[in-house]
Amino acid sequence: MSSRYNHKLVEKKWQKVWAKENVFQTKKNLNKKKYYVLEMFPYPSGKIHMGHVRNYTLGDVVARYKRMKGYNVLHPMGWDAFGLPAENAALTEKKHPESWTYQNIKTMKSQLLQMGLSLDWEREIATCHPDYYKHEQKFFIDMFKAGLAYKKEAEVNWDPIDKTVLANEQVIDGKGWRSGATIEKKKLSQWFLKISKYSDELLKDLDILKGWPNKVKVMQSNWIGKSIGAEIDFKLSNNNKSITVFTTRPDTIFGATFLALSIEHELVQALSKKNESLNTFIQECKNLNPEKTKKGFDTNLFVDHPFIDNKKLPVFVANFVLKEYGLGAIFGCPAHDQRDLDFANEYNLDVIPVVKPLNINEKKFKVNKVAFTDDGVIINSQFLNDLNVDKAKDKIIIEIEKREIGRKKINYKLRDWGISRQRFWGCPIPIIYREDGEVLAVEDAELPVKLPDVKNFSESSSTLNNISGWKETICPETGMKAQRETDTFDTFFESSWYYFRYCNARLDKPFDPKDIDYWLPVDQYIGGIEHAILHLLYSRFFTKALRDLGYFKLDEPFKGLFTQGMVTHLTYKNKNNEWVEPKDIQKTNGTLKDKKGLLVQTGKVEKMSKSKKNVVDPNDIIETYGADTARWFMLSDSPPERDLQWTDTGIASSYKFINKLYDFVNKLDGYEDSRKDDIDIVESIKKIINQVSENIETFQFNKSVAKIYEFVNILNESISMQKLSRKNFEWSLEKLSIILQPFVPHVSEEIWWSLKKEETLCINQDWPKEVVKKEIKFKIAVQINGKTKEIIEVDQNISKKEVLETIKMNSKIKKNLIDKEVVREIYVEGKIINLVVK
RNA sequence: GGGAGUAUGGCGGAACUGGUAGACGCGCCGGAUUCAAAAUCCGGUCACUUUGGUGGUGUGGGUUCGAUUCCCUCUACUCCUACCA
């Protein structure tokens, strides 16, 4: 009996069996070690793309492997279901964003099911469901009451034609995406979360995250942007008020020759009210790029230098001073800051060097066009002279504090998280504004604040503010009239805590702290590098905030993090400079043409994207070749953290391989038992099995794949030459099906079933750990002056002396030693013997 | 400007703590099978070569008995970030 492998039937069959037996349903089990593996959940945009296929395949390898290693594995899936595309689609289709979203979820779920992922679908969540978002409304209220959520003015993008607020991605080159109108900045009062309160903890705890890529930690650390410096008060010369600046270079205070304020600075705002030319300058600044032109406005005010008697510094308003960082005010020390120097040169301000390079004479040292920003020796600075930069910083800060003209100060770049969005398809912010001006949290019993059911979604429905009747409400306590907050949460809000919800996806509370204790932290989180900062930082913040609100005891949500590479593909363009889809390419006699018969040229290999038309639809691939083939291709060749180039030949060869695997079943049927001395073959297979495990542990799946190829090659060769006993052929095939299980689970089950014909599943087998016999013989390289000349086989316990004797008998070596004197002999057991000759 | 990273055959990539460079896959070449093709199977595939060897891991140097691996120099590319005082 010989049968061809039918992936369509086989894959469906096992998917059904796994589902029927509830294989992947997870229960808390305190007797077992837990393992939580999670891939970043998808936005339900329509259908899955290759990036998803790669992401979920990687996660599935880990999940199945850990399960077979005996862990109690949690591997859930859900939908990041709020977001702008649903609104856009609803506009064109004139229906509620909800129905569009749920339709997509349905489609994408069926695709994920086809991939044969070991997911616990009982825990599936959709963040747009009130049973999900009601809990985050409660979190927000807790944060509000604890002072972690507050309101302040912030700018939004305002489209003056559509009279709506636009998201950043709806603004293209400064114009509204639909109206084409020039977008204005408008100030609105908006909600913020106090992530800045956790700046230091978020920075420090990066050290705990041993399982994170260094790259991501560096990015987060830069984003938090801690810097140590000082605040210094400069007294205005004509009155008793002062201007406070922040600096990280207090050591250069003696080189200060001016002060500069941002246009948003309080003092500037006050001055501008009665100074028309300053006002004009402020308007001009809005159209200036400070990187190209540094512009200033002389206020004619002066401040006293805090350390030099009778020295006065002019105060400027300058376009290059940031309002959000520090205090929006700086002192300029042109000699040691390039920006200050450019500015000083523009306005003929003094340049006084106060740090000189070590090996240059003070008299010869001049700063002209390039500021000196390195470490050196302090000069021209009274009591700081002769110190280096670090020492001078310490000393000047002590002095500043002693004189009470400033203080040591740590500053962060990290800003508070603005969470208000003027959009419909998001979680409503549970706040009411009472007519007497009170801002109140919605009472727990009133939660969730649900989105309205809009029948015909239109432009005007795109904010809750415009939906009649929705915002009017009554304060339950006083009976006074009130209005609901009409903004919704940033969608990062939902993704900041979904990994907790999976512990108890159907509970009426957000989760059971006991289950959080058991399951969290996530042992292995897998996703794209694009979330290195925002999503991961917000999630870390959320964990710490919920901890402080008493929900659980946990400092960090993700113990291990893996960032996968992108899936790329060659791009094609025709003579009209239009992108061409790969499936529309026809190849004749080495030339490429598109459907219209136009000549096509290949371009760069780029990330698959609709705009460049270089996408391959996973649907087509799974239909044609099956899920196992797609999975195998995703895991072959490229290391998971690097980009993976999609090729037709690659997928075809994966397909061949899957069929070849099943062919062993046919070959076993009717295999004649012959040789029995196959111990070497069995040993080498055992070695390979262990190597496959090692490579999975270290996330080097491409190497596991290579080892499996070796396994298959050895097996094929041995059976075609009848070197393997029937018993060991069966043994090999059993082992093969088991180690294939994490990678290509369907064909693995099929082989297993063919061998066993009983009611066991391959996924339920234990992962093998083979005991490999110590080898009796070593192969060692014989080198002369470090160059390998010969490879010899020796007994394991041979001595150096014996090795030397052996190789001196070797004719090849002998020849190389003619007229040479051996001056040194280096022997590394089991590896090399090196003769150093003259 | 600042930060992180990468560089190995025609291509994707292997090479444990310094010890046989190019595993494995793709592609290519040759052969078998076939009326023919596809599929499949077998063999070959770093370069040069006087077939003894010699050279070779982006460049140039260093350490070492020995360097893809460690150190320094330069070059190219990728990613992040950017007037953060």
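Throughout, a chain's letter reflects where its sequence line sits, starting with A, and its residues are numbered from 1.
Rounded to whole Å, the distance from NZ on K831(A) to P on U17(B) is 10 Å. Rounded to a whole Å, the CG atom of D340(A) is 19 Å from the P atom of G1(B). Look at CD on Q783(A): it is 6 Å from C1' on G66(B), rounded to the nearest Å. Distance OH (Y655(A)) to P (A39(B)): 13 Å, rounded to an integer number of Å. Atom CG of L341(A) and atom P of A85(B) are 18 Å apart (whole Å). Whole-Å rounding puts the E530(A) CD to U81(B) P distance at 12 Å. Per the geometry, CG belonging to L635(A) stands 15 Å off C1' belonging to G13(B), to the nearest Å. Nucleotide C65(B) holds its P atom 16 Å from the NZ atom of K787(A), rounded to whole Å.
Nearest to the side chain of W223(A), among A14(B), U54(B), A82(B), sits A82(B). Distance from the side chain of S653(A) is smallest for G25(B) among the nucleotides G25(B), U20(B), G19(B). Taking every side-chain heavy atom of R642(A) into account, G13(B) is the closest of C24(B), A21(B), G13(B). Relative to the side chain of V828(A), the nucleotides U20(B), G3(B), G19(B) differ in distance, and G19(B) lies closest. Checking G25(B), A85(B), G19(B) against the side-chain heavy atoms of V321(A) singles out A85(B) as nearest. With A14(B), G12(B), G19(B) as the candidates, the nucleotide lying closest to the side chain of D637(A) is G12(B). The side chain of A706(A) lies closest to C24(B) when the candidates are A14(B), C24(B), C65(B). For T788(A), the side-chain atoms get nearest to U20(B) when compared with the rest of U20(B), A4(B), C84(B). In this structure, of C24(B), A14(B), C26(B), it is C24(B) that holds the atom nearest to the side chain of Y709(A). Checking C41(B), A85(B), U54(B) against the side-chain heavy atoms of K789(A) singles out U54(B) as nearest.
If you check A21(B) for Watson-Crick or wobble pairing at under 3.5 angstrom, you find it has no partner at all. Of all nucleotides present, none satisfies the Watson-Crick or G-U wobble test against U68(B) with each distance under 3.5 Å. Across all strands shown, C28(B) forms a Watson-Crick or G-U wobble pair with G44(B), both key distances being under 3.5 Å. Across all strands shown, U6(B) forms a Watson-Crick or G-U wobble pair, both distances under 3.5 Å, with A76(B). Applying the Watson-Crick and G-U wobble criteria (two distances, each under 3.5 Å), A38(B) pairs with nothing in any strand. Summarising the base pairing, G1(B) is matched to U81(B) through a Watson-Crick or G-U wobble pair whose two defining distances lie under 3.5 Å.
Anti is the classification of G5(B), since its glycosidic angle lies more than 90° from 0. The glycosidic torsion of G9(B) lies within 90° of 0, placing the base in the syn range.
Atom CG of L341(A) sits about 9.0 Å away from atom NZ of K369(A), to the nearest 0.5 Å.
At a cut-off of 3.5 angstrom, counting only N and O atoms as typed in the model, there is no donor on one side facing an acceptor on the other between the side-chain of Q338(A) and the base of G1(B). No hydrogens or angles were tested; on distance alone, a donor-acceptor pair under 3.5 Å links the side chain of R339(A) to the base of A85(B).
At A23(B), none of the side-chain N or O atoms of N702(A) fall inside 4.0 Å of OP1 or OP2 (strictly under the cut-off). Between R824(A) and C65(B) there is a side-chain N or O to OP1 or OP2 distance below 4.0 Å. OP1 or OP2 of C26(B) has not a single side-chain nitrogen or oxygen of S636(A) nearer than 4.0 Å. The phosphate of C80(B) has neither OP1 nor OP2 within less than 4.0 Å of any side-chain N or O from K215(A).
Spacing of C1' atoms, C74(B) relative to G60(B), comes out at 7 Å, to the nearest Å. Separating the P atom of A85(B) from that of C70(B) is a span of 33 Å, rounded to the nearest Å. Taking the C1' atoms as reference points, G27(B) lies 16 Å from G22(B), given to the whole Å. A4(B) sits 25 Å from U17(B) when the C1' atoms are compared, rounded to a whole Å. One C1' atom belongs to A14(B), the other to A7(B), and the distance between them is 16 Å to the nearest Å. On the P atoms, U75(B) is 15 Å away from U59(B), given to the nearest whole Å. Remark: the separation of the C1' atoms in G62(B) and C11(B) is 34 Å, to the nearest Å. For the C1' atom pair drawn from G3(B) and U20(B), the interatomic distance equals 40 Å after rounding to whole Å.
Taking the ring axis of F664(A) as reference, the NZ or CZ atom of K667(A) stays within 45° of it and closer than 6.0 Å to the ring centre. In this structure, K294(A) fails the cation-pi test against F343(A), since its NZ or CZ atom is not both closer than 6.0 Å to the six-membered ring centre and inside 45 degrees of the ring normal.
Heavy atoms of N834(A) sit under 4.0 angstrom from at least one base atom. Within 4.0 Å (heavy atoms only), N713(A) reaches sugar-phosphate atoms of the nucleic acid but no base atom. Among the protein residues, T647(A) comes within range of no part of the nucleic acid, since none of its heavy atoms lies under 4.0 Å from any strand. K656(A) comes within 4.0 angstrom of the backbone, heavy atoms only, and of no base.
Nearest heavy atoms, V216(A) versus L561(A): CG1-CD2, 4.0 Å. Residues L58(A) and Q564(A) approach most closely at CD1-CB, 3.8 Å, considering heavy atoms.
For an aromatic pair to be called close, the ring centres must be under 6.0 Å apart, and Y709(A) with F711(A) fails this.
Within the 4.5 Å cutoff, side-chain heavy atoms of R540(A) are placed close to those of L206(A).
Nearer to the 5' terminus of RNA chain B, by closest-nucleotide assignment, is the contact made by I826(A) (compared with the other of I826(A) and G328(A)). Taking for each of V836(A) and S638(A) the nucleotide of RNA chain B with the nearest heavy atom, the 5'-most of the two is the partner of S638(A).
Listed for the E683(A) side chain is a donor-acceptor partner under 3.5 Å among the backbone atoms of K773(A).
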(request) Please test H7(A) against Y655(A) for side chain to side chain contact (heavy atoms under 4.5 Å, CB included), starting from the C-alpha separation and ending with a verdict. (result) CA-CA 10 Å; H7(A) 66 82; Y655(A) 182 65; 4.0 Å; yes
